[in-house]
Protein chains: 2
Amino acid sequence: MKKLTLKSVAEELGVSTATISNAFNKPNQLSKAKRLEILERCEELGYTGPNKAARSLRRGKTGIVGLVLANSISYTVNDAVASTFISGVSQCLEANGQQLLLVSGAGDDLNNVNDFVDGYLCYGSPTNPNLIDALSKTTKPVITVDFNIDDYPSVNIDNIEACYQLVKQTIRPDDVVAVIGLRLIETQLTCRIYDVPMIDPVTSISRRRLLGYEKAFSECGVDFNYGQLWSIPENIESFAVRAAKEVLSNQPRPTIVYCMSDLIAVYFIREAIEIGLSVPDDIRVVGFDGTNEGQRFHPNLTTVVQNSDSKGERAAIMLLKQSKESQLLPFALHFGDSCPTNG
Amino acid sequence: MKKLTLKSVAEELGVSTATISNAFNKPNQLSKAKRLEILERCEELGYTGPNKAARSLRRGKTGIVGLVLANSISYTVNDAVASTFISGVSQCLEANGQQLLLVSGAGDDLNNVNDFVDGYLCYGSPTNPNLIDALSKTTKPVITVDFNIDDYPSVNIDNIEACYQLVKQTIRPDDVVAVIGLRLIETQLTCRIYDVPMIDPVTSISRRRLLGYEKAFSECGVDFNYGQLWSIPENIESFAVRAAKEVLSNQPRPTIVYCMSDLIAVYFIREAIEIGLSVPDDIRVVGFDGTNEGQRFHPNLTTVVQNSDSKGERAAIMLLKQSKESQLLPFALHFGDSCPTNG
DNA sequence: ATGAAAGCGCTAACAC
DNA sequence: GTGTTAGCGCTTTCAT
């Protein structure tokens, strides 16, 4: 069987390549009858239409969107919040006939993908800073989410305000506080943060959350210093459990713990129960994200519900519409059994 | 700034296009000195190397692998088991410099992706049967996972045997049994299955699991008919909760429930506890998959642990190595608190 | 070791 | 309405 190309098919049917191309791409450039006949004969031959790779070379559009993640793909797809974001993105892309290429945030550059994508969505600051550089240099459109690069349009929630409100509505004057953050510093360690310089707030969503907590602590007259602040490098069991154990064994033991993800909160509660504490009676625990698991969990988490899928959808729409205006999305506080309001 | 192409750069440097190409692709086709000089000048100009899309047109390889999912992307990335599979795939692909393109199992065809990928990984039978057709017709290599298409190499676990063993080690002679399956029939409904024809075992992993349960029920002399069999269309809360409620309100109430996913089991237990039952004292619950959440959950699930990430890794390796031999991967039974062994 | 030229498969501009 | 042709950016013979 000979290779099926526009050219070979055109020869076979005795018409020019342009006519075949038009039959597939520009219906009103030729008579309906001829068009239908061509399409039918093509189907007989097994020709499913012009080669998309070649078309993209000519047109300069591939129909593929690159989604640059903060971390490796393998880590990211197992994170409930990120998955929900991807879900929103893909919903929009599927509806618009665009394809989704996942790009690791741990890669060195965009060389292997840049020529295949029409634009980028970036979900969180890539761990490899080279990528930020590559993104700020590319000629393709870029939308950032949960962080910013240069003047690219972005999608965010007001993390500072969310955390501020969360503390305001849960803290009590005599509380001993602990905070478990996520990627507050660039390290692969679970550790307490004393006077280490943290990632800047523009890049780091966690840093912004911390600013919100701190503002409320200070307004409420609650002691908080960086000996009460832990950071874990990734949102996974091993790090979360380790941090939980450290926090729980600290003296005086905290009476309320603010976790920068629901997953951290879930593991924290598990560890607290393990050593015989009652949540929320002995220790109150607050999450962040509003994941399904946090709601399935017992006790159900007090948390900030952010709609990660609509974040994804918005970002994708912005990219497809070439919108230049950044968006600030709403959030909602949810008060579950892990920490009642102070109201 | 003029456009940077192999040609424009070659002119700029006063050498031929082939030389530039060789400098990037075939180091030993030219002197080290010249090569280094060219690379340096290219970097100065901001030329990062030959356009990958054009290269792929010429070479016929893109470095992109298509991962065809059973369902929509948005559904799949939120499924813990599927995410773990994707994780394994991406780990292998990242290590080999390949890119990952996610393809919805609900799409009509592969036309928009086929020319951009070097081959396909298929995780579960696509809901749109057109895709199975498209896959069996493509000239690109295909590896299937958890199901089979024609003679393409595949990766599976022995679902029949796993379920057979699971029942054998948990069932008691006087048990009243219920089974909650996943996609046993093609419908969007949660329902009991009486005499509806189910999807065939070659395509359906759930059907094979059912065969394993049934074999053990029958060997153990436990009654089981399709009035005790429910099916839900997707592995999500709404369907799982509905099925759980139906099962729990059935008379006589089951004493043991086999769920075809850990997620179903988790929701089932939640519902059981909700109506005042004790797990495992009043009702025993068995899952399938061995997800992290199932182990975080209280009570910890009895389940079949399948290593979804190594499944993904194996499948990806097979595709990259062009291996033609199908693989059967091991599984392990885990006995948690949701259902003790009968031994 | 380097350069010239063909062509991967297609689309857009223009000619008829 | 249909055909001819240039060229998207590259790699690969084949000469030199």
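Because the structure is a prediction, the values reported are computed rather than measured. Here is how names work: the chains are called A, B, and so on, in the same order as the sequence lines, proteins then strands, and each is numbered from 1.
Along DNA chain C, the nucleotide nearest B/S31 and the nucleotide nearest A/A54 are compared for position; the residue whose nucleotide lies closer to the 5' end is B/S31.
Remark: B/L102 CG to A/Q99 CD distance equals 10.0 Å, nearest 0.5 Å.
Residue B/K26 is in sugar-phosphate contact alone, with no base atom involved, counting any heavy-atom pair closer than 4.0 Å across all strands shown. As judged by a 4.0 angstrom heavy-atom cut-off over every strand, B/Y47 is placed among residues touching the sugar-phosphate backbone only. Within 4.0 Å of A/N25, counting heavy atoms only, lie sugar-phosphate atoms of the nucleic acid but no base atom.
One atom, CG of A/N51, and another, P of C/dT11, lie 9 Å apart when rounded to the nearest Å. Rounded to an integer number of Å, the gap from CG of A/L13 to P of D/dG3 is 11 Å. Rounded to an integer number of Å, the gap from B/N22 CG to D/dC10 P is 14 Å. The CG atom of A/L4 sits 11 Å away from the P atom of C/dG9 (whole-angstrom rounding). B/L57 has its CG atom 8 Å from the C1' atom of D/dC10, to the nearest Å.
Judged by distance alone, the side chains of A/D79 and A/T76 never bring a donor and an acceptor atom under 3.5 Å apart.
A/K311 has a carboxylate O that lies under 4.0 Å from a charged side-chain N of A/D146, or vice versa, which qualifies the two as a salt bridge.
Dashed line: the shortest gap from a side-chain N or O of A/K52 to OP1 or OP2 of C/dC10 is not under 4.0 Å.
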